[in-house]
Amino acid sequence: MAVIIKTPEEIEKMHVAGRLAADVLEMIGEHVKPGVSTEQLDSICHDFIVDVQNAVPAPLNYRGFPKSICTSVNHQVCHGIPGSKVLKDGDIVNIDITVIKDGFHGDTSKMFFIGKPSILAQRLVGVTQKAMWKGIELVRPGAHLGDIGHAIQKFVESSGYSVVQEYCGHGIGRGFHEDPQILHYGTPNSGLQLQAGMTFTIEPMVNAGRRNVKLLPDGWTVVTKDRKLSAQWEHTILVTPIGYEVLTLRKEERQAATG
Ligand code: MF3
Ligand code: CO
Ligand code: CO
(Lines give C-alpha, C1' and ligand atoms only; values in the text may rest on other atoms or scores of the structure.)
(Ligands and ions follow the chains in the order given, each with its own letter.)
Protein backbone atom coordinates (compact mmCIF):
# COMPACT_ATOMS: atom_id res chain seq x y z
CA MET A 1 0.00 0.00 0.00
CA ALA A 2 1.30 3.45 -0.86
CA VAL A 3 1.76 6.32 1.56
CA ILE A 4 -1.09 8.83 1.22
CA ILE A 5 -0.02 12.49 0.92
CA LYS A 6 -2.78 14.66 2.38
CA THR A 7 -4.23 17.65 0.54
CA PRO A 8 -4.63 21.01 2.32
CA GLU A 9 -8.32 20.21 2.88
CA GLU A 10 -7.45 16.83 4.39
CA ILE A 11 -4.75 18.40 6.55
CA GLU A 12 -7.33 20.82 7.96
CA LYS A 13 -9.50 17.84 8.95
CA MET A 14 -6.46 16.15 10.53
CA HIS A 15 -5.90 19.33 12.57
CA VAL A 16 -9.46 19.11 13.88
CA ALA A 17 -9.25 15.38 14.71
CA GLY A 18 -5.86 15.81 16.37
CA ARG A 19 -7.12 18.71 18.48
CA LEU A 20 -10.10 16.63 19.67
CA ALA A 21 -7.91 13.66 20.64
CA ALA A 22 -5.63 16.00 22.63
CA ASP A 23 -8.68 17.57 24.30
CA VAL A 24 -9.77 14.14 25.58
CA LEU A 25 -6.40 13.61 27.29
CA GLU A 26 -6.66 17.10 28.83
CA MET A 27 -10.22 16.39 30.01
CA ILE A 28 -9.50 12.98 31.60
CA GLY A 29 -6.52 14.06 33.72
CA GLU A 30 -8.50 15.12 36.79
CA HIS A 31 -10.28 11.74 36.86
CA VAL A 32 -7.09 9.66 36.84
CA LYS A 33 -6.57 9.10 40.57
CA PRO A 34 -6.51 6.31 43.18
CA GLY A 35 -9.79 4.39 43.40
CA VAL A 36 -10.98 4.93 39.83
CA SER A 37 -11.40 1.87 37.60
CA THR A 38 -10.17 1.80 34.03
CA GLU A 39 -13.73 1.11 32.81
CA GLN A 40 -14.88 4.30 34.55
CA LEU A 41 -12.19 6.23 32.64
CA ASP A 42 -13.37 4.54 29.43
CA SER A 43 -16.96 5.53 30.05
CA ILE A 44 -16.08 9.19 30.81
CA CYS A 45 -13.98 9.41 27.61
CA HIS A 46 -16.63 7.64 25.53
CA ASP A 47 -19.38 10.03 26.61
CA PHE A 48 -17.16 13.11 26.11
CA ILE A 49 -16.13 12.03 22.59
CA VAL A 50 -19.68 11.12 21.54
CA ASP A 51 -21.79 13.74 23.33
CA VAL A 52 -19.49 16.78 23.60
CA GLN A 53 -17.20 16.38 20.58
CA ASN A 54 -19.76 14.74 18.26
CA ALA A 55 -16.95 12.43 17.23
CA VAL A 56 -16.41 8.67 17.15
CA PRO A 57 -14.09 6.71 19.48
CA ALA A 58 -12.05 4.78 16.89
CA PRO A 59 -11.09 1.77 19.06
CA LEU A 60 -14.72 0.75 19.75
CA ASN A 61 -15.36 -2.37 17.63
CA TYR A 62 -12.08 -1.85 15.75
CA ARG A 63 -11.16 -5.42 14.79
CA GLY A 64 -13.33 -6.51 17.70
CA PHE A 65 -11.81 -4.24 20.39
CA PRO A 66 -14.59 -3.92 22.99
CA LYS A 67 -13.96 -0.45 24.50
CA SER A 68 -13.48 3.18 23.43
CA ILE A 69 -9.97 3.81 24.78
CA CYS A 70 -6.91 1.75 25.68
CA THR A 71 -5.63 1.75 29.29
CA SER A 72 -2.29 0.04 29.88
CA VAL A 73 -1.23 -0.21 33.53
CA ASN A 74 2.30 -0.88 34.91
CA HIS A 75 3.73 -3.92 33.05
CA GLN A 76 1.05 -3.67 30.34
CA VAL A 77 2.78 -2.36 27.21
CA CYS A 78 -0.19 -1.31 25.05
CA HIS A 79 -3.78 -2.08 24.01
CA GLY A 80 -4.96 -2.73 27.59
CA ILE A 81 -8.75 -3.23 27.69
CA PRO A 82 -10.54 -1.04 30.27
CA GLY A 83 -12.20 -3.16 32.95
CA SER A 84 -12.75 -3.52 36.67
CA LYS A 85 -9.08 -2.92 37.57
CA VAL A 86 -8.93 -0.10 40.14
CA LEU A 87 -5.95 2.26 39.97
CA LYS A 88 -3.93 2.54 43.18
CA ASP A 89 -1.16 4.69 44.61
CA GLY A 90 2.13 4.02 42.80
CA ASP A 91 0.60 2.79 39.52
CA ILE A 92 1.50 4.24 36.12
CA VAL A 93 -1.07 4.12 33.32
CA ASN A 94 -1.01 4.95 29.62
CA ILE A 95 -4.28 6.29 28.23
CA ASP A 96 -4.47 6.05 24.43
CA ILE A 97 -7.17 8.07 22.66
CA THR A 98 -8.12 7.85 19.00
CA VAL A 99 -11.06 9.87 17.66
CA ILE A 100 -12.61 10.06 14.21
CA LYS A 101 -14.05 13.42 13.15
CA ASP A 102 -15.35 14.15 9.66
CA GLY A 103 -13.75 10.94 8.43
CA PHE A 104 -10.23 11.60 9.80
CA HIS A 105 -8.35 10.13 12.78
CA GLY A 106 -6.36 11.76 15.58
CA ASP A 107 -4.32 9.39 17.80
CA THR A 108 -2.41 10.30 20.97
CA SER A 109 -1.46 8.86 24.34
CA LYS A 110 0.25 9.93 27.54
CA MET A 111 1.37 8.44 30.83
CA PHE A 112 -0.33 9.34 34.11
CA PHE A 113 1.02 8.80 37.64
CA ILE A 114 -1.33 7.56 40.33
CA GLY A 115 -0.22 9.15 43.61
CA LYS A 116 3.54 8.83 43.87
CA PRO A 117 5.19 6.13 41.73
CA SER A 118 8.72 4.78 42.36
CA ILE A 119 11.77 6.71 41.20
CA LEU A 120 12.27 3.97 38.59
CA ALA A 121 8.74 4.45 37.23
CA GLN A 122 9.20 8.21 37.09
CA ARG A 123 12.52 7.86 35.24
CA LEU A 124 11.10 5.30 32.78
CA VAL A 125 8.17 7.57 31.95
CA GLY A 126 10.47 10.58 31.50
CA VAL A 127 12.94 8.71 29.29
CA THR A 128 10.08 7.42 27.11
CA GLN A 129 8.60 10.89 26.67
CA LYS A 130 12.00 12.33 25.79
CA ALA A 131 12.59 9.48 23.31
CA MET A 132 9.33 10.35 21.53
CA TRP A 133 10.42 14.00 21.25
CA LYS A 134 13.88 13.03 19.95
CA GLY A 135 12.08 11.22 17.12
CA ILE A 136 9.58 14.03 16.47
CA GLU A 137 12.31 16.67 16.25
CA LEU A 138 13.91 14.89 13.27
CA VAL A 139 10.75 15.04 11.15
CA ARG A 140 11.19 17.14 7.98
CA PRO A 141 10.97 16.52 4.22
CA GLY A 142 13.89 14.33 3.13
CA ALA A 143 14.52 12.76 6.55
CA HIS A 144 14.67 8.96 6.54
CA LEU A 145 12.43 6.87 8.78
CA GLY A 146 15.57 5.05 9.91
CA ASP A 147 16.91 8.34 11.36
CA ILE A 148 13.85 8.59 13.60
CA GLY A 149 13.98 4.97 14.75
CA HIS A 150 17.70 5.19 15.39
CA ALA A 151 17.44 8.35 17.50
CA ILE A 152 14.74 6.81 19.67
CA GLN A 153 16.55 3.49 20.10
CA LYS A 154 19.92 5.08 20.84
CA PHE A 155 18.51 7.34 23.55
CA VAL A 156 16.45 4.56 25.16
CA GLU A 157 19.25 1.99 25.20
CA SER A 158 21.85 4.47 26.44
CA SER A 159 19.42 5.15 29.31
CA GLY A 160 19.49 1.43 30.21
CA TYR A 161 16.02 0.54 28.87
CA SER A 162 14.74 -1.37 25.83
CA VAL A 163 12.49 -0.57 22.86
CA VAL A 164 9.53 -2.84 22.02
CA GLN A 165 9.85 -3.97 18.39
CA GLU A 166 6.59 -5.87 17.76
CA TYR A 167 4.42 -2.69 17.69
CA CYS A 168 5.12 0.57 15.90
CA GLY A 169 3.81 3.95 14.83
CA HIS A 170 1.79 4.26 11.64
CA GLY A 171 0.49 6.49 8.91
CA ILE A 172 -2.92 7.92 9.83
CA GLY A 173 -5.69 9.77 8.03
CA ARG A 174 -8.97 8.34 6.76
CA GLY A 175 -7.46 5.07 7.94
CA PHE A 176 -6.62 4.36 11.61
CA HIS A 177 -3.47 2.48 10.56
CA GLU A 178 -2.09 3.48 7.13
CA ASP A 179 1.33 3.04 5.58
CA PRO A 180 4.11 3.61 6.44
CA GLN A 181 5.06 1.71 9.59
CA ILE A 182 7.09 3.92 11.91
CA LEU A 183 9.61 1.69 13.69
CA HIS A 184 11.07 2.97 16.95
CA TYR A 185 14.45 1.42 16.17
CA GLY A 186 16.59 1.49 13.05
CA THR A 187 19.61 2.58 11.06
CA PRO A 188 20.38 6.18 10.03
CA ASN A 189 19.94 7.05 6.34
CA SER A 190 17.79 3.97 5.71
CA GLY A 191 14.12 3.54 4.96
CA LEU A 192 11.45 5.78 3.45
CA GLN A 193 12.17 9.49 2.98
CA LEU A 194 9.52 11.84 4.35
CA GLN A 195 7.52 14.28 2.20
CA ALA A 196 5.40 17.29 3.15
CA GLY A 197 1.76 16.27 3.61
CA MET A 198 2.48 12.91 5.23
CA THR A 199 0.74 12.30 8.57
CA PHE A 200 1.81 9.56 10.98
CA THR A 201 2.22 8.70 14.62
CA ILE A 202 5.35 8.30 16.70
CA GLU A 203 4.56 6.17 19.75
CA PRO A 204 7.55 4.43 21.34
CA MET A 205 6.96 1.68 23.91
CA VAL A 206 9.88 1.43 26.32
CA ASN A 207 10.49 -1.38 28.82
CA ALA A 208 12.39 -1.07 32.10
CA GLY A 209 13.75 -4.59 31.57
CA ARG A 210 14.02 -6.73 28.45
CA ARG A 211 12.25 -5.79 25.23
CA ASN A 212 10.29 -9.05 24.95
CA VAL A 213 6.50 -8.94 25.17
CA LYS A 214 3.61 -11.39 25.12
CA LEU A 215 -0.06 -11.15 24.20
CA LEU A 216 -2.60 -12.04 26.92
CA PRO A 217 -5.40 -14.55 26.16
CA ASP A 218 -7.88 -11.64 25.78
CA GLY A 219 -6.26 -11.21 22.36
CA TRP A 220 -5.38 -7.52 22.93
CA THR A 221 -3.43 -6.73 26.09
CA VAL A 222 0.33 -6.75 25.48
CA VAL A 223 2.54 -7.22 28.59
CA THR A 224 6.26 -7.43 29.27
CA LYS A 225 7.50 -11.01 29.50
CA ASP A 226 9.64 -10.18 32.55
CA ARG A 227 6.69 -8.33 34.15
CA LYS A 228 8.80 -5.20 34.59
CA LEU A 229 7.27 -1.77 33.92
CA SER A 230 6.60 -0.38 30.43
CA ALA A 231 5.74 3.15 29.27
CA GLN A 232 4.47 4.75 26.05
CA TRP A 233 3.76 8.25 24.69
CA GLU A 234 2.17 9.02 21.30
CA HIS A 235 1.57 12.01 19.04
CA THR A 236 0.12 12.43 15.54
CA ILE A 237 2.58 14.39 13.38
CA LEU A 238 2.25 16.31 10.09
CA VAL A 239 5.30 16.73 7.84
CA THR A 240 5.36 20.42 6.81
CA PRO A 241 7.49 22.03 4.06
CA ILE A 242 10.02 23.12 6.71
CA GLY A 243 9.72 20.45 9.40
CA TYR A 244 6.86 19.15 11.47
CA GLU A 245 3.69 20.07 13.29
CA VAL A 246 2.34 18.08 16.24
CA LEU A 247 -1.40 17.77 15.56
CA THR A 248 -2.17 16.42 19.06
CA LEU A 249 -0.20 18.93 21.15
CA ARG A 250 -1.65 19.66 24.63
CA LYS A 251 -1.57 22.98 26.51
CA GLU A 252 0.89 21.62 29.09
CA GLU A 253 3.31 20.87 26.23
CA ARG A 254 2.89 24.24 24.53
CA GLN A 255 3.84 25.91 27.80
CA ALA A 256 6.86 23.61 28.13
CA ALA A 257 7.95 24.40 24.56
CA THR A 258 7.79 28.19 25.02
CA GLY A 259 9.45 28.08 28.44
N1 MF3 B 1 -4.39 3.69 19.52
C2 MF3 B 1 -3.58 2.55 19.22
C3 MF3 B 1 -2.45 3.04 18.34
O4 MF3 B 1 -1.78 3.90 18.77
C5 MF3 B 1 -4.34 1.44 18.55
C6 MF3 B 1 -5.34 0.85 19.40
S7 MF3 B 1 -6.16 -0.36 18.50
C8 MF3 B 1 -7.36 -0.84 19.58
O9 MF3 B 1 -2.25 2.68 17.23
F10 MF3 B 1 -8.16 -1.57 18.93
F11 MF3 B 1 -6.76 -1.47 20.58
F12 MF3 B 1 -7.93 0.22 20.05
CO1 CO C 1 -1.22 4.96 17.06
CO1 CO D 1 -2.86 5.31 19.91
Side-chain angles (χ1 to χ4, degrees), residues 1 3-4 14 17-26 28 38-39 41-43 45-46 49-50 55-73 76-83 85 93-101 104-112 128-129 131-133 135-136 139 145 148-149 152 163-184 198-206 213-223 230-239 244 246-250:
M1 220 170 62
V3 176
I4 300 168
M14 289 296 293
R19 174 76 256 140
L20 292 179
D23 286 347
V24 179
L25 283 182
E26 289 181 343
I28 199 62
T38 52
E39 67 195 354
L41 296 175
D42 175 74
S43 148
C45 289
H46 172 95
I49 293 166
V50 171
V56 174
L60 188 60
N61 302 319
Y62 176 79
R63 299 188 182 177
F65 191 80
K67 295 287 183 179
S68 296
I69 66 173
C70 296
T71 52
S72 303
V73 183
Q76 296 179 346
V77 174
C78 63
H79 303 167
I81 303 174
K85 185 196 287 282
V93 58
N94 174 278
I95 300 184
D96 191 340
I97 303 292
T98 313
V99 306
I100 311 171
K101 182 72 170 183
F104 284 82
H105 290 74
D107 188 7
T108 185
S109 79
K110 69 170 277 191
M111 298 298 299
F112 293 88
T128 308
Q129 185 177 26
M132 175 191 68
W133 281 107
I136 291 172
V139 173
L145 284 182
I148 294 169
I152 292 170
V163 175
V164 172
Q165 299 195 353
E166 287 82 354
Y167 301 87
C168 57
H170 48 92
I172 183 168
R174 285 194 183 278
F176 193 161
H177 296 108
E178 299 182 348
D179 279 347
Q181 291 195 10
I182 310 294
L183 304 182
H184 303 113
M198 289 180 178
T199 48
F200 55 82
T201 71
I202 297 181
E203 49 178 303
M205 286 141 276
V206 174
V213 299
K214 68 176 185 189
L215 184 63
L216 293 189
D218 65 22
W220 283 102
T221 311
V222 179
V223 298
S230 186
Q232 179 178 29
W233 294 79
E234 174 175 26
H235 272 310
T236 298
I237 312 296
L238 164 70
V239 185
Y244 66 87
V246 179
L247 299 180
T248 45
L249 201 67
R250 299 181 301 284

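Order of listing sets the numbers, starting from 1, for every ligand and every atom in it.
Remark: side-chain polar atoms of Gln232 are paired, donor with acceptor, to backbone N or O of Glu203 under 3.5 angstrom. Looking at Asp179, its side chain never comes within 3.5 Å of a backbone N or O of Val3 through a donor-acceptor pair.
Atoms of ligand 1 found under 4.0 Å from any heavy atom of Pro59 (numbered from 1 in listed order, with element): 12 (F). Interface of Glu203 with ligand 1, defined as ligand atoms under 4.0 Å from a residue heavy atom, comprises 3 (C), 4 (O), 9 (O). Applying the 4.0 Å criterion to heavy atoms of Trp220 picks out, from ligand 1, the atoms 8 (C), 10 (F), 11 (F). Heavy-atom proximity to Thr98, at under 4.0 Å, picks out these atoms of ligand 1: 1 (N). Interface of His177 with ligand 1, defined as ligand atoms under 4.0 Å from a residue heavy atom, comprises 3 (C), 5 (C), 9 (O).
For the Co ion (ligand 3), the N/O/S atoms of Asp107 include one lying under 2.8 Å. None of the N, O or S atoms belonging to His177 lies under 2.8 Å away from the Co ion (ligand 2).
Contact analysis puts Phe176 in contact with ligand 1, with a non-hydrogen atom separation below 4.0 angstrom. For Thr201, the heavy-atom gap to ligand 1 stays at 4.0 angstrom or more. Between Arg63 and ligand 1 there is no heavy-atom distance shorter than 4.0 Å. Residue contacts with ligand 1: Lys67 is excluded, as none of its non-hydrogen atoms falls under 4.0 Å.
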Using the rule given for side-chain contact (heavy atoms from CB on, under 4.5 Å), can you reason through Cys45 versus Ile97, listing the C-alpha separation, both sets of side-chain angles and the distance that settles it, and then say yes or no?
CA-CA 9 Å; Cys45 289; Ile97 303 292; 4.0 Å; yes
Please report the C-alpha distance between Lys110 and Glu26 in whole Å, then the side-chain angles of each, then the deciding distance to 0.1 Å, and finally whether the salt bridge (Lys or Arg N to Asp or Glu O under 4.0 Å) criterion is met.
CA-CA 10 Å; Lys110 69 170 277 191; Glu26 289 181 343; over 6 Å; no
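Contacts between Cys70 and ligand 1, counted as non-hydrogen atom pairs separated by less than 4.0 Å, involve the side chain only.
Ranking the protein heavy atoms by distance from atom 2 (C) of ligand 1 puts Asp96 OD2, 3.3 Å first. Closest protein heavy atom to atom 3 (C) of ligand 1: Asp107 OD2, 3.4 Å.
Checked against the 6.0 Å centroid criterion, the rings of Tyr244 and His235 do not qualify as a close aromatic pair.
Of the angles at the Co ion (ligand 2), the one spanning OE2 of Glu203 and OE2 of Glu234 is 80° when given to 10°.
Summarising the local packing, CD of Gln129 is surrounded by more than 12 heavy atoms from other residues, nucleotides or ligands at distances under 6.0 Å.
Of all the heavy atoms in Gly80 and Ser72, the pair that sits closest is N-OG, 3.1 Å.
Annotation: the span from Ile202 atom CD1 to Thr108 atom OG1 amounts to 12.0 Å, rounded to 0.5 Å.
Close N/O approach between His79 and ligand 1 is not found [any backbone or side-chain N/O within under 3.5 Å].
Ring geometry for Trp220 versus Tyr62: interplanar angle of 30 to 60°, hence tilted.
Exactly one residue among Thr98, Asn94, Thr248, Asp96 makes a side-chain hydrogen bond (donor to acceptor under 3.5 Å, both in side chains) with Ser109. That residue is Asn94.
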